[in-house]
Number of protein chains: 4
Amino acid sequence: MNAAPNLQVQSRDDDSAKRRQILEGARRVFMDLGFDGASMGEIARAAGVSKGTLYVYFTDKNALFEAIVEKECHDHGITALDIESKDAGSALRQLGQAYMEVLCRPEGGSAVRTVMAIAERMPDLGRQYYGNVPATWFGKLADYLRTQVKAGHLVIENCDLAAAQFMLACQATLFLPFIFQVRPPPSSEQIATVVDSATRMFLAAYRPPGK
Amino acid sequence: MNAAPNLQVQSRDDDSAKRRQILEGARRVFMDLGFDGASMGEIARAAGVSKGTLYVYFTDKNALFEAIVEKECHDHGITALDIESKDAGSALRQLGQAYMEVLCRPEGGSAVRTVMAIAERMPDLGRQYYGNVPATWFGKLADYLRTQVKAGHLVIENCDLAAAQFMLACQATLFLPFIFQVRPPPSSEQIATVVDSATRMFLAAYRPPGK
Amino acid sequence: MNAAPNLQVQSRDDDSAKRRQILEGARRVFMDLGFDGASMGEIARAAGVSKGTLYVYFTDKNALFEAIVEKECHDHGITALDIESKDAGSALRQLGQAYMEVLCRPEGGSAVRTVMAIAERMPDLGRQYYGNVPATWFGKLADYLRTQVKAGHLVIENCDLAAAQFMLACQATLFLPFIFQVRPPPSSEQIATVVDSATRMFLAAYRPPGK
Amino acid sequence: MNAAPNLQVQSRDDDSAKRRQILEGARRVFMDLGFDGASMGEIARAAGVSKGTLYVYFTDKNALFEAIVEKECHDHGITALDIESKDAGSALRQLGQAYMEVLCRPEGGSAVRTVMAIAERMPDLGRQYYGNVPATWFGKLADYLRTQVKAGHLVIENCDLAAAQFMLACQATLFLPFIFQVRPPPSSEQIATVVDSATRMFLAAYRPPGK
DNA sequence: CATGAATGAGGATTCATTCAT
DNA sequence: CATGAATGAATCCTCATTCAT
């Protein structure tokens, strides 16, 4: 996807190998331990660089954390999904599955948890994450629902509300046990089952009587 | 539980008073700042006792935190709600409203956030909270749904799943903006609106055809 | 002199034994090594306390340094000297001697040097020291000179200027070699000789012709 | 001076150019911030070279600082002043003025302050500066005074002492307020006034009675 | 039991110095 | 020769914990 030519030099500003290496190491540590629990020493070790090097690329712990969150925002934002042309059942299933896969991504630590945890002390980060992750998914679905309503395939008063209802219903029995460490991250199959149930409930509720 | 006579004078009541005082102060600080962000000094100040006294009642910071979480588990666990005899609409509305009021309780800090944040490092606490708070609410609803299904008022395959769907649908547009500091805690009226919508969706989906 | 009753408790605010102990140790280190050269660890060792204890009594390194300078200001400010009733020769000799003894006090490090060194970065401290130490000595002499002029014993246009001229002439060959580590602190006898010469020069210049 | 063509081969001249460039940048930083306060990074930036280059020309921070002080010693040493043939009044005024201009040179930072500050930890530097700066000025005046005494124009017992008295009297109300950041560097006019007063005092004291 | 002074290990950050390019 | 990325020791400061009173 990234078709950037990337000729020229690779300045340290944005894209050096070392910078990525640090971000990768830091992500793991921050997501596992939280902002306060993560120490710069641990991060340096995880990234395979010296403590001093961290400060060559990021002015301080906050800046490094912000960079991580920004990256997560980008990575977890809505992916290019072509649902517009699909029927409601397929569209809902596809969106729900994709969203849940992102939320429960098992690759070490959870961004939702980490950002949620710090949101009281760093409200800007909380807002940024919310705006870039849940809001984009919910918004995409709301838009889709509006076209379906216009086309007469669904009957919904408040599409934003309905979109949120569906997305949250997709979490059902999976997300909380995962986030509270009661169960390991759900498999794609488990997600599929729960998403399917949410889809059926949603359509049963919002499909026009005759259909 | 602890029926030990606790010789000497210093009856348990005296202990308990101070203990409660500490717990109260510590709760605020922990919920506002998180486990790592809270310092024992701050807690002592908030509780109005000396730092040393903290260690008379709790062996260390972890133990104090655990006691707080335990208390929150108890306080936020399901309250005595008599829904068994009610019709589905009333029961769902009442449960949904009560659950959301607990989740979004504005009185300083959020327990969900705080426990979720630490769950990776203290899985036992995460499990305990999950088991005592969401699981009891979801379970209560699941039980109710089962009776309704038996009575023929509802048609549901998996009542545990359906219960979770409903409870999460009640969060819809309210919980995430609150927890990510995008919006202040929702009012009871806002909650009522969203819960009402979830209730109607749920019943539309799970009520038997003829009804 | 300090007639304060000092009953009551000795709060940590101003006068505890530990605070004095820290100030004493810190004075040596700061005066020997300068503000930047002195480390809190070294200070703690010199004071015989732990690093943490330093921060119980002083909020940070700056505050500790300021306290030291303040103390030096007080200790080096003009001492109670009764010169008003004396003839010019005695008065000048006594003041000059006392001032030089303060400036060249050999007890480890020099406050003048240390404060002068930091004055560019902490102008307030520089001003405070100047106002409390040299300015008070110079001012005391200027006042005395004015009474002598009024009494007709001296003829001076600008007494502030003349006072400074005398005080600095007293340094002559002693202060710079001392401060630049060319020679050890001068003895009282050496000071007396140089002060005597300054006195004779001063009087030869400012005594009215006939006398 | 440097008329070398500066082609290719990197002759010493090229080195010297860069070396001078470094010294110039380092001087400003050292004099503004002091030895400890100055960082090699800041110096590199001020000199417009890379940090690594610093170490090509100077083995370490100490060596660079020593080179700076040496240069200051040279620059602030007595300038070629032809006072031998002049009358005492002119000679004193000219010397006093020139010395004070050097001491209070406002072009960023003060060498006296910086060297004085470090003299306890680097006594050699202190001695070097003292020997090259104040001592040369004082010495030059002492020599001059001796010729005047021989010629019968002045009556002075100890010419070294008298020279120091005069030079310090020239500082009077100007130097300390400047060095302690109480007042900005004095203007040439202010210096002239104070030097004039010192000259008159000095001559009034040391001119033979009849004259 | 209650206190708060004292501790020292640990964390974030800076900076002189090195070295591969 | 010139560079600047990388290092790790050292610094300031915080905080959980202990202990004498």
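Numbered from 1 within each chain, the chains take letters A, B, ... in sequence-line order.
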Rounded distance in Å - [atom1] ([X]) to [atom2] ([N]):
| X | N | atom1 | atom2 | value |
| --- | --- | --- | --- | --- |
| D:Phe58 | F:dC1 | CZ | P | 14 Å |
| A:Ile43 | E:dG10 | CD1 | C1' | 15 Å |
| B:Asp60 | F:dC15 | CG | P | 17 Å |
| D:Glu42 | E:dT14 | CD | C1' | 13 Å |
| C:Asn62 | F:dT11 | CG | P | 17 Å |
| D:Arg45 | F:dT3 | CZ | P | 15 Å |
| A:Met40 | E:dA12 | CE | P | 7 Å |

Dump the pairs, protein N or O against N or O of nucleotides 18-21 of chain F, anything under 3.5 Å, distances to one decimal.
none

**Residue whose closest nucleotide on DNA chain F lies nearer the 5' end, C:Ala38 versus A:Leu54** = A:Leu54
**Request:** Starting from the 5' end of DNA chain F, give me the residue, D:Gly48 or B:Asp36, whose nearest nucleotide shows up first.
**Result:** D:Gly48
**Secondary structure of DNA chain E in dot-bracket form (Watson-Crick or G-U wobble, distances below 3.5 Å, | marking inter-strand pairs)** = .||||||||||||||||||||
**Message:** Please enumerate all residues that pass ring-ring contact (aromatic ring centres under 6.0 Å, His included) together with B:Phe65, with sequence neighbours excluded.
**Reply:** B:Phe30, B:Phe35
So, [X] side chain and [Y] main chain: donor-acceptor pair closer than 3.5 Å or not?
| X | Y | value |
| --- | --- | --- |
| A:Arg113 | A:Ile179 | yes |
| B:Arg121 | A:Leu33 | yes |
| D:Lys71 | D:Arg20 | no |

**Fill in**
CG of C:Leu23 to OG of C:Ser16, rounded to nearest 0.5 Å, is 9.0 Å
**Asked** Atom CD in A:Gln181, atom CD1 in B:Ile118: separation rounded to 0.5 Å?
**Response** 11.0 Å
**Closest contact, heavy atoms only, B:Ala44 versus B:Ser50** = CB-C, 4.0 Å
**Salt bridge C:Arg28-C:Asp32, side-chain N to carboxylate O under 4.0 Å** = no
Candidate nucleotides [options], ranked by approach to the side chain of [X] - the nearest:
| X | options | value |
| --- | --- | --- |
| D:Val49 | F:dC12, F:dT3, E:dA16 | F:dT3 |
| D:Lys18 | E:dA12, E:dA6, F:dA2 | F:dA2 |
| C:Tyr57 | E:dA5, E:dG4, F:dC12 | E:dA5 |
| C:Lys61 | E:dT13, F:dA16, F:dC13 | F:dC13 |
| D:Ser50 | F:dT17, E:dA6, F:dT3 | F:dT3 |
| B:Val56 | F:dA5, E:dA12, E:dA2 | E:dA2 |

**Prompt:** Given side chains that start at C-beta, do those of B:Val49 and B:Ile43 come closer than 4.5 Å, heavy atoms only?
**Reply:** no
**Request:** Kindly indicate whether the side chain of A:Ile68, heavy atoms from C-beta on, has any atom under 4.5 Å from the side chain of A:Met31.
**Result:** yes
**Prompt:** Which part of the nucleic acid, if any, lies within contact of D:Ser39, taking any heavy atom under 4.0 Å across all strands shown: a base, the sugar-phosphate backbone alone, or nothing?
**Reply:** sugar-phosphate
